[in-house]
Amino acid sequence: MTAPQRKNQVMLSAVQPSNKLTIGNYLGALKNWVHHQNDFDCWFFAVNLHAITVRQDPKELREQTYRAVATYIAAGIQPENATLFVQSQVPEHAELAWILNCYSYMGELSRMTQFKDKSQKAGENIPVGLFTYPVLMASDILLYDTDLVPVGADQKQHIELTRDLAIRMNNLYGEDLFKVPQPMIPPVGAKIMSLQEPTAKMSKSDPDPNASVFLSDSDDQIRKKIKRAVTDSGSEIADDDSKPGVKNLLTIQSAITGKSIAEIVTSYTGKQYGHLKGDTAELVVQAVSPLRNEADRLYQERQFLEQVLAQGAQKARERASQTLKRCYDRIGLLR
Ligand code: ATP
Ligand code: LTN
């Protein structure tokens, strides 16, 4: 495909401002956004309505939302190239979500892995929003006639549900109602694991701060966390499923440098876990340090961020309201 043709295609993605972003969010998603921002018509946002499916402190939520947008820009997203906005500033997302809820099945939502994980952690009173979370995500995607959604591996199931919903609605109301999107998942780095429990995904809302490297961590914090990372018994550095801690560090190195895991493993012949941890820590510091400094600077530039978001929300509403109108008309809802 030549570049001008691709520029007509829509790329869209988002992160929850539920805490500071982690290297998992960066290597699984954000890095790919930056890489493709010139090739596609890009829409990137902060999904604060998704974030409240888990209890959030209001002040923190507001600040993390600005912080997320500052991080997108610090990572290299250019507001002139991509539309940047906040989900709650575009009411069409919640409106379409209600409609899609009426066409989603309890059975298919019950099968979502993220719902199963998060509802277990929610205790006795599981918010309904946690259950219908993927329907709001489908609404986010379908409103913009999205072609591609760059995300980590954990979101593949939600994009499959989005596709099913789009196809279901198109069968009922006409093939051109919704564009059917595709996931874009990186070959390496799509699932960075927790540093403390390397069989579980690194997650920004993990209560153990040592489990994740945040993009706001100081160089010293990064070094300490990686040196404390849980590794496995034995001492051989190998790409082996029985050594998830070692495999995770190799994956982090590969996702940052672009070198293959096999090549990295060969370079450690005869070396110890300490070497692997030391090198990984330095690579992560090199990647995170400039990003953190720039995000810290932009985070203070509140006026600039607000201006970017106001422009973004206006553009997003123009696009989203067209799709929503089409949907209302087809269903027979008065507008
Ligand atoms: P939370 O802990 O609040 O649920 P999270 O860290 O899982 O958040 P999300 O906001 O759900 O992050 O995800 C944002 C993007 O980052 C998604 O594209 C998701 O697939 C990706 N992502 C999240 N965690 C990882 C990870 N550990 N490895 C690779 N990609 C990830
Ligand atoms: N569910 C996603 C966040 C998300 C998203 C989206 C990603 C909400 N809406 C639309 C891509 C496109 C997650 O990462 N947990």
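For ligands, and for the atoms within them, numbers begin at 1 and follow the listed sequence. In this chain, residues are counted from 1 in sequence order.
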A.B. asks: Looking at atom 1 (N) of ligand 2, what's its closest protein heavy atom, distance included?
C.D. replies: Tyr133 OH, 2.7 Å
A.B. asks: Side chains of Thr280 and Gln253: do they bring a donor and an acceptor to under 3.5 Å?
C.D. replies: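 Yes.
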A.B. asks: Please state which part of Ala51 comes within less than 4.0 Å of ligand 1, counting heavy atoms only: side chain, backbone, both or neither.
C.D. replies: neither
A.B. asks: Charged N to carboxylate O under 4.0 angstrom, Lys121 versus Asp117?
C.D. replies: no
A.B. asks: When you measure from the heavy atoms of Asp154 to every atom of ligand 1, does any distance fall below 4.0 Å?
C.D. replies: yes
A.B. asks: Show the atoms of ligand 2 that are less than 4.0 angstrom away from any heavy atom in Val149.
C.D. replies: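 Reading through ligand 2 atom by atom, the close ones are 11 (C), 12 (C).
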A.B. asks: To the nearest 0.1 Å, how far is atom 4 (C) of ligand 2 from its closest protein heavy atom, and which atom is that?
C.D. replies: Met137 SD, 3.9 Å
A.B. asks: Of Leu27, Val288, Val188, which is the lone residue that meets side chain to side chain contact (heavy atoms under 4.5 Å, CB included) with Ile256?
C.D. replies: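 That would be Leu27.
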A.B. asks: Considering the heavy atoms of Gln16, write down every atom of ligand 2 situated less than 4.0 Å from one of them.
C.D. replies: 15 (N)
A.B. asks: Take atom CD in Gln303; do more than 12 heavy atoms of anything else shown fall under 6.0 Å from it?
C.D. replies: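 No, not enclosed.
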A.B. asks: Non-hydrogen atoms of Gln114 versus ligand 2: any pair closer than 4.0 Å?
C.D. replies: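 The answer is yes: ligand 2 sits under 4.0 Å from a heavy atom of Gln114.
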A.B. asks: In the protein, what heavy atom is nearest to atom 10 (C) of ligand 2, and what distance, to one decimal place, separates them?
C.D. replies: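 That would be Ile141 CG1, 3.7 Å.
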A.B. asks: Cation-pi between Arg168 and Tyr103: NZ/CZ under 6.0 Å from ring centre and within 45° of the ring axis?
C.D. replies: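 Judged by the rule (NZ or CZ under 6.0 Å from the ring centre, within 45° of its axis), Arg168 is not positioned above Tyr103.
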A.B. asks: Would you mind running through ligand 2 and noting each atom that sits below 4.0 Å from a heavy atom of Val151?
C.D. replies: 7 (C), 11 (C)
A.B. asks: Which residue supplies the protein heavy atom nearest to atom 4 (O) of ligand 1, what is that atom called, and how far is it?
C.D. replies: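 In this structure, atom 4 (O) of ligand 1 has Lys118 NZ, 2.5 Å as its nearest protein heavy atom.
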A.B. asks: Go through ligand 1 atom by atom and flag the ones less than 4.0 Å from a non-hydrogen atom of Ser205.
C.D. replies: 1 (P), 2 (O), 3 (O), 4 (O)
A.B. asks: For atom 24 (N) of ligand 1, what is the closest protein heavy atom, and at what distance to 0.1 Å?
C.D. replies: Lys201 NZ, 2.9 Å
A.B. asks: Please classify the His50 to ligand 2 contact at 4.0 Å (heavy-atom distances, strictly less than): side chain, backbone, both or neither.
C.D. replies: side chain
A.B. asks: Who's the nearest protein heavy-atom neighbour of atom 7 (C) of ligand 2, and how far?
C.D. replies: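 The closest one turns out to be Ala14 O, 3.6 Å.
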A.B. asks: Ser13 to ligand 1: N or O pair under 3.5 Å?
C.D. replies: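 It does not: no N or O of Ser13 is found under 3.5 Å from an N or O of ligand 1.
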A.B. asks: For atom 30 (N) of ligand 1, grab the closest protein heavy atom and report residue, atom and distance to one decimal in Å.
C.D. replies: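 Atom 30 (N) of ligand 1 sits closest to the protein heavy atom Gly24 O, 3.1 Å.
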A.B. asks: Ignoring hydrogens and angles, tell me if any N or O in the side chain of Lys243 forms a donor-acceptor pair with the backbone of Ala238 under 3.5 Å.
C.D. replies: no
A.B. asks: Using a 4.0 Å heavy-atom cut-off, say whether Lys204 meets ligand 1 through its side chain, its backbone, both or neither.
C.D. replies: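 It is both parts that get close, each with some atom under 4.0 Å.
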A.B. asks: Knowing that exactly one of Asp232, Thr251, Asp239 qualifies, which makes a side chain to side chain contact (heavy atoms under 4.5 Å, CB included) with Val246?
C.D. replies: Asp232
A.B. asks: So which heavy atom in the protein is nearest atom 9 (N) of ligand 2, and how far is it from that ligand atom?
C.D. replies: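 Scanning the protein heavy atoms, the shortest distance from atom 9 (N) of ligand 2 goes to Asp140 OD2, 2.6 Å.
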A.B. asks: Closer than 4.0 Å to some heavy atom of Ser203 - which atoms of ligand 1 meet that?
C.D. replies: 1 (P), 2 (O), 6 (O)
A.B. asks: Please say whether Val151 places an N or O atom under 3.5 Å from an N or O atom belonging to ligand 1.
C.D. replies: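 The answer is no, given that Val151 and ligand 1 share no N or O pair closer than 3.5 Å.
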A.B. asks: Please state which protein non-hydrogen atom is closest to atom 16 (O) of ligand 1 and give its distance, to 0.1 Å?
C.D. replies: Asn25 ND2, 3.1 Å
A.B. asks: Between Gln114 and Asp154, does any side-chain donor sit less than 3.5 Å from a side-chain acceptor?
C.D. replies: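 Absent: no donor and acceptor within the cut-off.
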A.B. asks: Strictly under 4.0 Å, does any heavy atom of Gly189 approach an atom of ligand 1?
C.D. replies: yes
A.B. asks: Tell me the contacting part of Met193 for ligand 1: side chain, backbone, both, or neither, using a 4.0 Å heavy-atom threshold, strictly below.
C.D. replies: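 The answer is neither; Met193 stays 4.0 Å or more away.
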A.B. asks: Atom CD of residue position Glu306 - does it have more than 12 heavy atoms of other residues, nucleotides or ligands inside 6.0 Å?
C.D. replies: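 Counting other residues, nucleotides and ligands, CD of Glu306 exceeds 12 neighbours.
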A.B. asks: Contact between His50 and ligand 1, counting heavy atoms under 4.0 Å?
C.D. replies: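 It does not; every heavy atom stays at 4.0 Å or beyond.
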A.B. asks: Can you tell me if Lys277 has over 12 outside heavy atoms packed within less than 6.0 Å of its NZ?
C.D. replies: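 Atom NZ in Lys277 is packed in, count exceeds 12.
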A.B. asks: Backbone N or O of Ala97 within a donor-acceptor pair of the Asn101 side chain at under 3.5 Å?
C.D. replies: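 Side chain of Asn101 to backbone of Ala97, a donor-acceptor pair under 3.5 Å: yes, one is there.
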A.B. asks: Regarding Asp220 and Ser218, is there a side-chain donor-to-acceptor distance under 3.5 Å anywhere?
C.D. replies: no
A.B. asks: Heavy-atom contacts with Ser13 under 4.0 Å: which atoms of ligand 2 show up? List them by number with element.
C.D. replies: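 Heavy-atom distances to Ser13 below 4.0 Å select 11 (C), 12 (C).
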A.B. asks: Return the closest protein heavy atom for atom 27 (N) of ligand 1 as residue, atom name and distance.
C.D. replies: Ile192 O, 2.7 Å
A.B. asks: Please report which non-hydrogen protein atom sits nearest to atom 2 (C) of ligand 2, along with the residue it belongs to and the distance in Å to one decimal place.
C.D. replies: Gln155 OE1, 3.3 Å
A.B. asks: Out of Val15, Leu291, Leu21, which one pairs with Leu30 under the side chain to side chain contact (heavy atoms under 4.5 Å, CB included) rule?
C.D. replies: Leu21
A.B. asks: Find all atoms of ligand 1 within a distance of less than 4.0 Å from any non-hydrogen atom belonging to Gly28, and give their numbers and elements.
C.D. replies: 29 (C), 30 (N)
A.B. asks: Are the side chains of Glu282 and Arg223 in contact, using a 4.5 Å heavy-atom criterion?
C.D. replies: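 With C-beta onward as the side chain, the pair touches.
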A.B. asks: Between Ala29 and ligand 1, find which residue part has any heavy-atom pair under 4.0 Å and reply side chain, backbone, both or neither.
C.D. replies: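 Just the side chain.
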A.B. asks: Using a 4.0 Å heavy-atom threshold (strictly under), name the region of Ser18 that reaches ligand 1: side chain, backbone, both or neither.
C.D. replies: side chain
A.B. asks: Give a yes or no on whether Arg335 atom CZ has more than 12 heavy-atom contacts from other residues, nucleotides or ligands under 6.0 Å away.
C.D. replies: yes
A.B. asks: Using only heavy-atom distances, determine whether the side chains of Arg62 and Thr65 contain a donor-acceptor pair under 3.5 Å.
C.D. replies: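 Their side chains do not contain a donor-acceptor pair, so the 3.5 Å distance test is not met.
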A.B. asks: Looking at atom 11 (O) of ligand 1, what's its closest protein heavy atom, distance included?
C.D. replies: Gln16 NE2, 3.1 Å
A.B. asks: Kindly say whether the aromatic ring centers of His93 and Tyr144 come within a distance under 6.0 Å.
C.D. replies: yes
A.B. asks: Please determine which of Asp164, Thr162, Asn170 meets the side chain to side chain contact (heavy atoms under 4.5 Å, CB included) test together with Val180.
C.D. replies: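 That would be Asn170.
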